[in-house]
Amino acid sequence: MAAAGLLLWGLRRLCRVLLFLSQFYILSGGGSFSVEPSQPLAQSDKDPGPTRTFTVVPRAAESTDIPPYMMKCPSNGLCSRLPADCIECKTNFSCVYGKPVTFDCTVKPSVTCVDQDFKSRKSFVLNMTCRFCWQLPETDYECSSSTSCMAVSCPRQRYTANCTVRDHVHCLGNRTFPKMLYCNWTGGYKWSTALALSITLGGFGADRFYLGQWREGLGKLFSFGGLGIWTLLDVLLIGVGYVGPADGSLYI
């Protein structure tokens, strides 16, 4: 009986020692419990999974930009006086050239105008002369200039210019058009100065030097004006405008 009690006490002691060792092993990290409910949490700590990127698209703001043509359009002015860039007209190209004609026109968005009675209008009738833009007089359009052509030459040279109709002028067709014009630019040389030098100091080539013609000036200087003959010819040629600046420009 005593031996059986001693054996039972020994088994209890052994179980306690094994239980203590197992708990110590687990707490020291040597083992882990596989608890199913906590698995998603452990997975989220180690592997966050694929990330999603959200792009915030701002709402389209209302456009507050002023149209470019508004810089030319006066506010609350007469509709018939508005520049051509401010209105849209239903033109008829079958009108008779040079005859008065009327067209139905409307103002562009954001443009305000009034009639003769100072009443606001969006539609009005425009009175104009039937003619294309390239048929306008020279005072009604502006053209580009060129300094690469010879203004003093025989025959007189022309160049292709780009011309644009003035804002207040109304016409048919394209408001920008090419046109052949005579070279008419100037380099700042005065005809009166060239003629005075030719009369007084022409024998020394002063007139040719002034006009930028250095070789002719040296020729006159060392030949004493071609013994006077060259001097008299230059007075005549400069007087009638046949001899001009070396850059091909016109006199002032």
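The shortest distance between side-chain heavy atoms of Cys133 and Tyr141 does not fall below 4.5 Å. Annotation: side chain of Phe209 is not in contact with side chain of Leu197 (no heavy-atom distance under 4.5 Å). The shortest distance between side-chain heavy atoms of Tyr210 and Thr193 falls below 4.5 Å. Counting only heavy atoms from C-beta outward, the side chains of Asp207 and Ile238 approach each other to under 4.5 Å. Side-chain atoms of Val165 and His170, non-hydrogen and from C-beta on, never get closer than 4.5 Å to each other. Between Ile87 and Thr106 the shortest side-chain heavy-atom distance does not fall below 4.5 Å. Counting heavy atoms from C-beta on, the side chains of Asp247 and Tyr189 come closer than 4.5 Å. Residues Asn92 and Phe103 meet the side-chain proximity criterion, which asks for heavy atoms closer than 4.5 Å.
The CG atom of Asn184 sits 8.0 Å away from the OG atom of Ser145 when rounded to the nearest 0.5 Å. Between His168 atom NE2 and Arg81 atom CZ the span is 10.0 Å, to the nearest 0.5 Å. Here Thr200 contributes atom OG1 and Leu195 contributes atom CG; the two are 9.5 Å apart, rounded to the nearest 0.5 Å. A distance of 6.5 Å separates SG of Cys171 from CE of Met128, quoted to the nearest 0.5 Å. Atom SG of residue Cys163 and atom CD of residue Glu138 lie 9.0 Å apart, to the nearest 0.5 angstrom. Taken to the nearest 0.5 Å, the SG atom of Cys149 stands 11.5 Å off from the CZ atom of Arg158.
When hydrophobic clusters are built by joining Ile, Leu, Val, Met, Phe, Trp and Tyr residues whose side-chain heavy atoms come closer than 4.5 Å, directly or via intermediates, Val101 is grouped together with Phe93. Following chains of ILVMFWY side-chain contacts shorter than 4.5 Å, one cannot reach Leu233 starting from Tyr242, and the two form parts of different hydrophobic clusters. Residues Leu237 and Trp191 share a hydrophobic cluster, clusters being chains of Ile/Leu/Val/Met/Phe/Trp/Tyr side chains in contact below 4.5 Å. By the criterion of side-chain heavy atoms lying less than 4.5 angstrom apart, applied directly or through intervening Ile, Leu, Val, Met, Phe, Trp or Tyr residues, Ile199 is not grouped with Trp230; the two fall into different hydrophobic clusters.
Pairing each heavy atom of Ser249 with each of Gly187, the nearest pair is OG-N, 3.1 Å. Across Ala246 and Gly212, no two heavy atoms sit closer than the pair CB-O, 3.5 Å. Across Thr231 and Gly203, no two heavy atoms sit closer than the pair OG1-CA, 3.4 Å. For the residue pair Ser148 and Ser146, the shortest heavy atom distance occurs at OG-OG, 3.1 Å. In this structure, Leu172 and Cys130 approach most closely via the heavy-atom pair CD1-SG, 4.2 Å. Residues Tyr251 and Lys190 come closest through the heavy atom pair CD2-C, 3.6 Å.
Around CZ of Phe204, the count of heavy atoms belonging to other residues, nucleotides or ligands within 6.0 Å does not exceed 12. Shown here is Phe118, whose CZ atom has no more than 12 heavy atoms of other residues, nucleotides or ligands within 6.0 Å. More than 12 heavy atoms of other shown residues, nucleotides or ligands fall within 6.0 angstrom of atom NZ in Lys122. Other residues, nucleotides and ligands contribute only 12 or fewer heavy atoms inside 6.0 Å of the CE atom of Met71.
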Would you please test Lys99 and Thr129 for side-chain contact (heavy atoms from CB on, under 4.5 Å) and show each step? CA-CA 6 Å; Lys99 299 294 183 179; Thr129 303; over 6 Å; no
Take Leu211 and Glu216 through the test side-chain contact (heavy atoms from CB on, under 4.5 Å) and record every step on the way to the result. CA-CA 10 Å; Leu211 296 175; Glu216 291 81 353; over 6 Å; no
In sequence, state the C-alpha distance, the side-chain angles, and the governing distance for Asn162 and Cys143, and then conclude on side-chain contact (heavy atoms from CB on, under 4.5 Å). CA-CA 5 Å; Asn162 291 324; Cys143 299; over 6 Å; no
Verdict with reasoning, Trp134 to Arg175, per side-chain contact (heavy atoms from CB on, under 4.5 Å): CA-CA 8 Å; Trp134 58 270; Arg175 299 184 62 83; over 6 Å; no
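Using a 3.5 Å distance cut-off with no hydrogens or angles, the side chains of Asn174 and Thr176 do not pair a donor with an acceptor. A donor-acceptor contact closer than 3.5 angstrom is absent between the side chains of Arg131 and Tyr97.
Between Phe177 and Phe132, the distance from one ring center to the other does not fall under 6.0 angstrom.
In this structure, cysteines Cys79 and Cys105 have SG atoms that are not closer than 2.5 angstrom.
A donor-acceptor distance shorter than 3.5 angstrom exists from the side chain of Gln213 to the backbone of Gly244, with no hydrogens or angles considered. A donor-acceptor contact shorter than 3.5 Å is absent between the side chain of Thr102 and the backbone of Asn127. Under a 3.5 Å cut-off, the side chain of Ser223 and the backbone N or O of Gly219 do form a donor-acceptor pair.
At a threshold of 4.0 Å, the pair Asp167-Lys72 counts as salt-bridged, since one of the basic side-chain nitrogens sits closer than that to a carboxylate oxygen. Salt bridge annotation for Asp115-Arg121: present, with a cationic side-chain nitrogen under 4.0 angstrom from a carboxylate oxygen. Ionic pairing of Lys220 and Asp234 is present here: one or more N-O contacts between side-chain nitrogen and carboxylate oxygen are shorter than 4.0 angstrom.
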